[in-house]
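Presented below is the structure to which this report refers.
Note that the coordinates shown come from a computational prediction; the quantities given were computed from them, not determined experimentally. To find a chain, count down the sequence lines: A is the first, B the second, and so on, and within it residues start at 1.
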2 protein chains.
Amino acid sequence: MYASHLLPQAAGVAYQLSGRPSDAADLDCMLASQPVEKLAVGEAVFWEGDTASHLFQIVEGCLRLYRILADGRRAIIGFRFGGETLGMACQNTYGYTAETVTAVRLRRIGRNRIWAATDGADLLQPVLMARIFEEMAAAQRHIIVLGQLGAEERVANFLISFACRTGSDRRRPVAVELPMTRLDIADYLGLTIETVCRVISKFKREGMIAPDGRHRIILKDISALLHLAGELEDGTSSDLAGMTQRPPAWAN
Amino acid sequence: MYASHLLPQAAGVAYQLSGRPSDAADLDCMLASQPVEKLAVGEAVFWEGDTASHLFQIVEGCLRLYRILADGRRAIIGFRFGGETLGMACQNTYGYTAETVTAVRLRRIGRNRIWAATDGADLLQPVLMARIFEEMAAAQRHIIVLGQLGAEERVANFLISFACRTGSDRRRPVAVELPMTRLDIADYLGLTIETVCRVISKFKREGMIAPDGRHRIILKDISALLHLAGELEDGTSSDLAGMTQRPPAWAN
DNA sequence: CGTATGCTTGATCAATTTCAAATATCGTGG
DNA sequence: CCACGATATTTGAAATTGATCAAGCATACG
């Protein structure tokens, strides 16, 4: 469990800026030439308060981002999945600990190299900005979920938004993979584990979802979930909205 | 009450990029040459969903930033005071409505001009980044407050963090100016107005604060408030921490 | 100086947490 | 492949917190 910058910094990496930063204008490009690091379950990528030296791209797996409060409570700020980035929107130090939920493969790149590369190349900057703004928008959605919604609304939101993020192949019925534990979900939604369980059980009883093992839930009535979730997730869930059996409430 | 982009765009402004953007490397500089616009109480600077065309700097006054949910609930995302900026961390459209709490004087500048100017000048970019990252950090603190803290903890946090932000001239006892209504505070903290009142009354009863009119509260026992607020606000409140009568809990 | 609005307080109610067991699932070793 | 133990999840009942409903009170403004 003790680990900060886990894997060796991969001594001599082939990638070179070579004096012409615009060669490396694309973020994915720069990352692609970095070696893939592997982390086991429960290892930390970095700890809250560490100097924010790197930016990470998750190749595969799931991470939880959290802070521990003085009295031991754990607040999960968010989760990150394969294809997503980590460590983008922070200043000098990381504002949270990033820990693996599943085995994770990721690439890292020095933050200084990123910002250095933006000077000449205006190709990179919009990409970075877009991601930072999306993180901001996600944080604001989270604020609304935590500040205004009740337990059932929060869980419905959670299911819907994770269905949108983690692919699910556009199949029907939609299946959501939830690699994290119920306690993770509770700490993310500002509820207790018992409340999360009760809500899931209720949704199941009412035929809205069908849990399949611990880490997979089939969404059987997306329309009802969307209705419960409120009008959040407008943009993100539009593709899911098209999959509803009957038109959602806001379609009038 | 009807108003989106209120004041005339101040037709021909003297300020020119003049082909050498680095001339205008400093954000405050660029803003300083913009005309000051004035808004009355209750007017909107922009509405949620408006195209994010401008960035604003508040010269004086207070704004509330909020979203209205489908069922009419209002979630206040944050407040902005004189000296702070607005409309920085958003992509294509504003993610919230910005409405004046008091009379407000502000300056605006086209977002396209800002980003255009960053291409050549690396003086501007760090300033923008720092502000965006600070917004992000504030959002994450808000997430923790809403997700993990009880009513008293939330109000204590609110008082402490606003004492830090709105000057208070480093005088003792510290006075906090709260231009917003109790309902605003409630919608910001995810509580009801009654709960906010009760908590304030309790703090008063216990001698931790001394309300002075509706919009001013004197913090009499900052140490106790800090203790209640938990270990959040570490960085921001360090200057306040020095003003405590007795050493705070975490000073052991 | 009166009225509208915002604030405060009290009593009751509902939602969520807490405490306490059961039950299910997963990984492992036989 | 199955049994077992550890861990995660689910369920129930009681306690708590905060919301809701309902008045009173204070303040600011015309």
Side-chain angles (χ1 to χ4, degrees), chain A residues 1 40-42 62 64 69 71-76 101-103 145-156 158-159 177-206 209-217 228, chain B residues 1 40-42 62 64 69 71-76 101-103 145-158 177-206 209-217 228:
Chain A
M1 287 294 170
V41 172
C62 175
R64 65 174 79 87
L69 308 195
D71 58 0
R73 278 174 290 191
R74 182 185 66 162
I76 292 189
V101 171
T102 64
V145 167
L146 296 178
Q148 307 297 134
L149 304 190
E152 296 184 16
E153 295 172 311
R154 294 189 204 190
V155 174
F158 178 81
L159 293 175
E177 300 295 337
L178 299 174
M180 69 291 291
T181 68
R182 298 285 190 264
L183 184 58
D184 288 333
I185 298 173
D187 286 348
Y188 176 69
L189 293 178
L191 300 169
T192 59
I193 184 175
E194 293 96 330
T195 299
V196 170
C197 276
R198 270 185 260 272
V199 171
I200 288 177
S201 297
K202 187 180 178 211
F203 286 177
K204 178 184 172 186
R205 232 176 8 252
E206 293 173 350
I209 63 175
D212 171 23
R214 282 174 178 173
H215 298 301
R216 159 178 282 254
I217 291 182
L228 251 181
Chain B
M1 287 294 173
V41 172
C62 174
R64 64 173 79 87
L69 308 195
D71 58 0
R73 278 173 290 191
R74 182 184 66 162
I76 292 189
V101 170
T102 64
V145 167
L146 296 178
Q148 307 297 136
L149 304 190
E152 295 183 16
E153 295 172 310
R154 293 189 204 190
V155 174
N157 248 118
F158 178 82
E177 300 295 338
L178 300 174
M180 69 290 291
T181 68
R182 297 285 189 263
L183 184 58
D184 287 333
I185 298 174
D187 286 347
Y188 176 69
L189 293 179
L191 300 169
T192 59
I193 184 175
E194 292 96 331
T195 299
V196 171
C197 276
R198 270 185 261 272
V199 171
I200 289 177
S201 297
K202 186 180 178 212
F203 285 176
K204 177 185 173 186
R205 228 172 17 246
E206 294 173 349
I209 63 174
D212 170 24
R214 283 175 177 175
H215 297 300
R216 159 178 281 253
I217 290 182
L228 252 182

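- Summarising the geometry, the separation between CG on B/L178 and C1' on C/dG6 is reported as 15 Å, rounded to the nearest angstrom.
- Side-chain atoms of B/R198 and base atoms of C/dG10 include a donor and an acceptor less than 3.5 Å apart.
- Among the heavy atoms of the strands, none lies under 4.0 Å from B/G213.
- Rounded to whole angstrom, the span from the CG atom of B/D187 across to the C1' atom of C/dG6 amounts to 14 Å.
- In terms of phosphate contacts, B/T195 brings a side-chain nitrogen or oxygen within less than 4.0 Å of OP1 or OP2 of D/dA19.
- Atom C1' of nucleotide D/dT10 and atom CZ of A/R182 are separated by 9 Å, given to the nearest angstrom.
- Between the NZ atom of A/K204 and the P atom of C/dA24 there is a distance of 10 Å, rounded to whole Å.
- Contact annotation for A/I200: no contact, since no heavy-atom pair falls under 4.0 Å across all strands.
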Exercise. Determine, stepwise, if the pair A/L146 / B/Q148 fulfils side-chain contact (heavy atoms from CB on, under 4.5 Å).
Key: CA-CA 9 Å; A/L146 296 178; B/Q148 307 297 136; over 6 Å; no
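- Atom pair A/F203:CZ and D/dT10:P shows a separation of 13 Å (rounding to whole Å applied).
- Distance, B/I193 CD1 to C/dT5 P: 14 Å, rounded to whole Å.
- A salt bridge is absent between A/R73 and A/D187; no separation between the charged side-chain nitrogens and carboxylate oxygens falls under 4.0 Å.
- Atoms CG (A/L183) and C1' (D/dT7) sit 12 Å apart, rounded to a whole Å.
- Heavy-atom distances to DNA chain D give each of A/R214 and A/K202 a nearest nucleotide, and the one nearer the 5′ end belongs to A/R214.
- A heavy-atom distance below 4.5 Å is not found between the side chains of B/F203 and B/I217.
- In this structure, B/N157 contributes its side chain and B/R154 its backbone to no donor-acceptor pair below 3.5 Å.
- Among the protein residues, A/T181 comes within range of the sugar-phosphate backbone only, with heavy atoms under 4.0 Å from sugar or phosphate atoms but none that close to a base.
- Taking atom NE2 on B/H215 and atom C1' on D/dT27, their separation rounds to 9 Å, with Å as the unit.
- Proximity of a side-chain donor or acceptor of A/R182 to a complementary backbone N or O of A/R214 within less than 3.5 Å is detected.
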